[in-house]
Amino acid sequence: MPPSAAEPSRDGFRHASVLLDGAVDALVHAPSGHYLDGTFGRGGHSRAILQRLDAQGSLLAIDRDPQAVAEARALTDPRFTIEQGEFANLGQIARRHGLHGQLAGILLDVGVSSPQLDDPERGFSFLRDGPLDMRMDPSQGESAADWLARAREGDIAQVFKTYGEERYAKRLARAVVARRSESPFLRTADLAEVLKVAHPAWEKGKHPATRAFQALRIHVNGELEQLDAALVEALEALAPGGHLVVISFHSLEDRRVKRFIREHVRGDTDLPRGVPVRDEQLAKRLEMLGKAQRPSASEVEANPRARSAVMRAARKLT
């Protein structure tokens, strides 16, 4: 079966890697190079990268999810290494392997994976009842249930608004606080029902809890802060000429990626007006590799979760 197809992983959950061919095409430019996959997931991108490498090439993968790491450890290719950790710490991880500043390419596939969404025991989805957890690494940090049990109404509203772009954030937060005074939220279906009843304007084709669940997941896992840190770390960990490829799944992520690449493509623009400078004096660090890519209609048809994906790629100059 080709690596672009959805196939079950060892834990039985299917996962189709989004923008597989486009991402690997943009990433792998030197078959003998050293590469880093910042989110192994169920290994679709990693396996495709390894297919492009020769005997001297290598791939270091990272994932914070212990189930993903267990899947990765079943991959016996001697060119492959897996580390459990956050991709915000990819610089430190690359240093441990003697690869900092030497990586030919770094891939960041941002967000939640299909196995995480599909496993009700992980608590990511309002479509399947399970414990209200949402942590990508269940051994670290605070679960969504624990945070909702203690957070102030204003903080809940702020999370819903900032990370979910939820128009009715205050109303939903008020409903959550009112209900938790009677009993705590422990299950995903329980929270989803309260949000559904409280939401005054359902979007066509979208569950009214969608934005709030997204916001909780992003907050619990510190996803945007992780992404910001990973972009900075990636730029330093790449070798000159190395490629950075980032796949994101909603506008909050993509805006950050777009802004980061644009700033380093422009270089130092904080100069007094009228001061003559040569292009090389602007300290530009990246150049874009083509335009942003989106999934084809056929990919979206085969994998509807791919519909919002955006891929951006850049080459490190210095």
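Count residues from 1 along the sequence.
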Q: Output, in order, the C-alpha distance, side-chain angles, deciding distance and verdict of side-chain contact (heavy atoms from CB on, under 4.5 Å) for I49 and V24.
A: CA-CA 6 Å; I49 292 166; V24 178; 4.2 Å; yes
Q: Could you give the distance from CD1 (I106) to CD (E233), rounded to the nearest 0.5 Å?
A: 9.5 Å
Q: Hey, are the side chains of L244 and K316 touching, using non-hydrogen atoms and a 4.5 Å cut-off?
A: no
Q: Got a sec, which residues hit salt bridge (Lys or Arg N to Asp or Glu O under 4.0 Å) with R52, two or more places apart in sequence or on another chain?
A: D25
Q: Would you sort out whether L108 and I247 count as a side-chain contact (heavy atoms from CB on, under 4.5 Å), showing the intermediate values?
A: CA-CA 6 Å; L108 302 177; I247 301 170; over 6 Å; no
Q: Scan side-chain atoms only and decide if E166 and H199 contain a donor-acceptor pair under the 3.5 Å cut-off.
A: yes
Q: Are M288 and V310 connected into the same hydrophobic cluster when the rule is that any two of I, L, V, M, F, W, Y join if their side-chain heavy atoms are below 4.5 Å apart?
A: no
Q: If you group Ile, Leu, Val, Met, Phe, Trp and Tyr whenever their side-chain heavy atoms sit less than 4.5 Å apart, what else falls in with V197?
A: none
Q: By salt bridge (Lys or Arg N to Asp or Glu O under 4.0 Å), which residues pair with R262, not counting sequence neighbours?
A: none
Q: May I ask you to decide if K206's main-chain N or O and T210's side chain share a donor-acceptor pair within less than 3.5 Å?
A: no
Q: Can you find a heavy atom in the side chain of D54 that is under 4.5 Å from one in the side chain of S32?
A: yes
Q: Are any non-hydrogen side-chain atoms of V177 and L148 less than 4.5 angstrom apart?
A: no
Q: Checking the side chain of T39 only, and the main-chain atoms of D109 only, is there a donor and an acceptor separated by less than 3.5 Å?
A: yes
Q: Kindly compute the distance separating OH (Y35) from CG (L103), expressed to the nearest 0.5 Å.
A: 10.0 Å
Q: Can you name the closest pair of heavy atoms from A314 and I261 and give their distance?
A: CB-CG2, 4.1 Å
Q: Supply the atom-to-atom distance Q56 CD to H34 NE2, rounded to the nearest 0.5 angstrom.
A: 9.5 Å
Q: Could you label the plane-to-plane angle of the H219 and W147 rings as parallel, tilted or perpendicular, counting under 30° as parallel and over 60° as perpendicular?
A: tilted
Q: Do N303 and V18 make a side-chain contact, defined as non-hydrogen atoms from C-beta onward lying under 4.5 Å apart?
A: yes
Q: Between D129 (side chain) and A189 (backbone), is there a donor-acceptor pair under 3.5 Å?
A: yes
Q: Give, for atom CG of L172 and atom CZ of R211, the distance between the pair rounded to the nearest 0.5 Å.
A: 11.5 Å
Q: How about R79: does its CZ atom have over 12 heavy atoms from other parts shown lying under 6.0 Å from it?
A: yes
Q: If hydrophobic clusters are built by linking Ile, Leu, Val, Met, Phe, Trp and Tyr wherever their side-chain heavy atoms come under 4.5 Å apart, do V220 and L224 end up in the same one?
A: no
Q: For the residue pair V110 and S248, what are the closest heavy atoms and their distance?
A: CB-CA, 4.3 Å
Q: Please answer whether the main-chain N or O of E153 pairs with a side-chain N or O of R174 as donor and acceptor at a distance below 3.5 Å.
A: no
Q: To the closest 0.5 Å, what do you measure between OG (S17) and NE2 (H45)?
A: 5.0 Å
Q: Is there a side-chain contact between R150 and E142 (heavy atoms, below 4.5 Å)?
A: yes
Q: Going through the distances and angles, do F260 and L227 end up as a side-chain contact (heavy atoms from CB on, under 4.5 Å)?
A: CA-CA 11 Å; F260 178 85; L227 175 59; over 6 Å; no
Q: When you group the ILVMFWY residues by side-chain heavy-atom contacts below 4.5 Å and let the links chain together, are L231 and L99 in the same group?
A: yes
Q: Under a 3.5 Å distance rule, please check whether D63 uses its side chain to pair with a backbone N or O of G41 as donor and acceptor.
A: yes
Q: When hydrophobic residues are tied together by side-chain contacts of less than 4.5 Å, even through go-betweens, does F126 share a cluster with I156?
A: yes
Q: For R135 and Q140: C-alpha separation, side-chain torsions, deciding distance, then whether side-chain contact (heavy atoms from CB on, under 4.5 Å) applies.
A: CA-CA 8 Å; R135 289 173 293 175; Q140 300 290 326; over 6 Å; no
Q: Looking at A104, is its backbone amide N or carbonyl O close enough to the side chain of H29 to form a donor-acceptor pair, meaning the two atoms are under 3.5 Å apart?
A: yes
Q: Less than 4.5 Å apart, side chain to side chain, heavy atoms only: is that true for E287 and R315?
A: yes
Q: Shortest non-hydrogen contact from Q214 to G164?
A: NE2-CA, 3.9 Å
Q: Quick check: does any side chain N or O of T162 sit under 3.5 Å from a backbone N or O of V159, one acting as donor and the other as acceptor?
A: no
Q: Quick one, R285 and E263 - any side-chain contact, counting heavy atoms below 4.5 Å?
A: no
Q: Which heavy atom of A309 sits nearest a heavy atom of L19, and at what distance?
A: CB-CD1, 4.1 Å
Q: When the side chains of residues 82-90 are checked against the rest of the protein, which donor-acceptor pairs come out under 3.5 Å, sequence neighbours left out?
A:
from : atom 1 : to   : atom 2 : distance (Å)
E83  : OE1    : R96  : NH2    : 2.8
E83  : OE2    : H97  : NE2    : 2.8
Q84  : NE2    : R64  : O      : 3.4
E86  : OE1    : Q226 : NE2    : 2.8

Q: State whether the number of non-hydrogen atoms from other residues, nucleotides or ligands found under 6.0 Å of E301 atom CD is greater than 12.
A: no
Q: Verify salt bridge (charged side-chain N to carboxylate O under 4.0 Å, His left out) between R256 and E253, making sure each step is shown before the conclusion.
A: CA-CA 5 Å; R256 280 170 150 77; E253 299 164 343; over 6 Å; no
Q: Does the side chain of M136 reach to within under 4.5 Å of the side chain of E223, using non-hydrogen atoms?
A: yes
Q: Could you work out the complete set of other residues in the hydrophobic cluster of W202, with links drawn between I, L, V, M, F, W and Y side chains under 4.5 Å apart?
A: none
Q: Under the 6.0 Å and 45° cation-pi test, does R179 pair with F185?
A: yes
Q: Applying the 4.5 Å side-chain criterion to the ILVMFWY set and letting contacts propagate, would L252 and V246 be lumped into a single cluster?
A: no
Q: Which heavy atom in A157 sits nearest to a heavy atom in A173, and how many Å separate them?
A: N-CB, 3.6 Å
Q: Would you check if the side chain of R122 reaches a backbone N or O of D133 as a donor-acceptor pair within less than 3.5 Å?
A: no
Q: Return the minimal non-hydrogen interatomic distance between P120 and R128, and the atom names on each side.
A: CB-CB, 3.9 Å
Q: Does R42 offer a backbone N or O that forms a donor-acceptor pair with the side chain of R47 under 3.5 Å?
A: yes
Q: Between D254 and H250, is there a donor-acceptor pair closer than 3.5 Å when you use the side chain of the first and the backbone of the second?
A: no
Q: Just to verify, what does R255 make a salt bridge (Lys or Arg N to Asp or Glu O under 4.0 Å) with, not counting sequence neighbours?
A: E165
Q: Fit a plane to each ring of F80 and F40, take the angle between them on a 0 to 90° scale, and name the class: parallel (under 30°), tilted (30 to 60°) or perpendicular (over 60°).
A: tilted
Q: Any chance you could measure L50, atom CG, to L59, atom CG, to the nearest 0.5 Å?
A: 5.0 Å
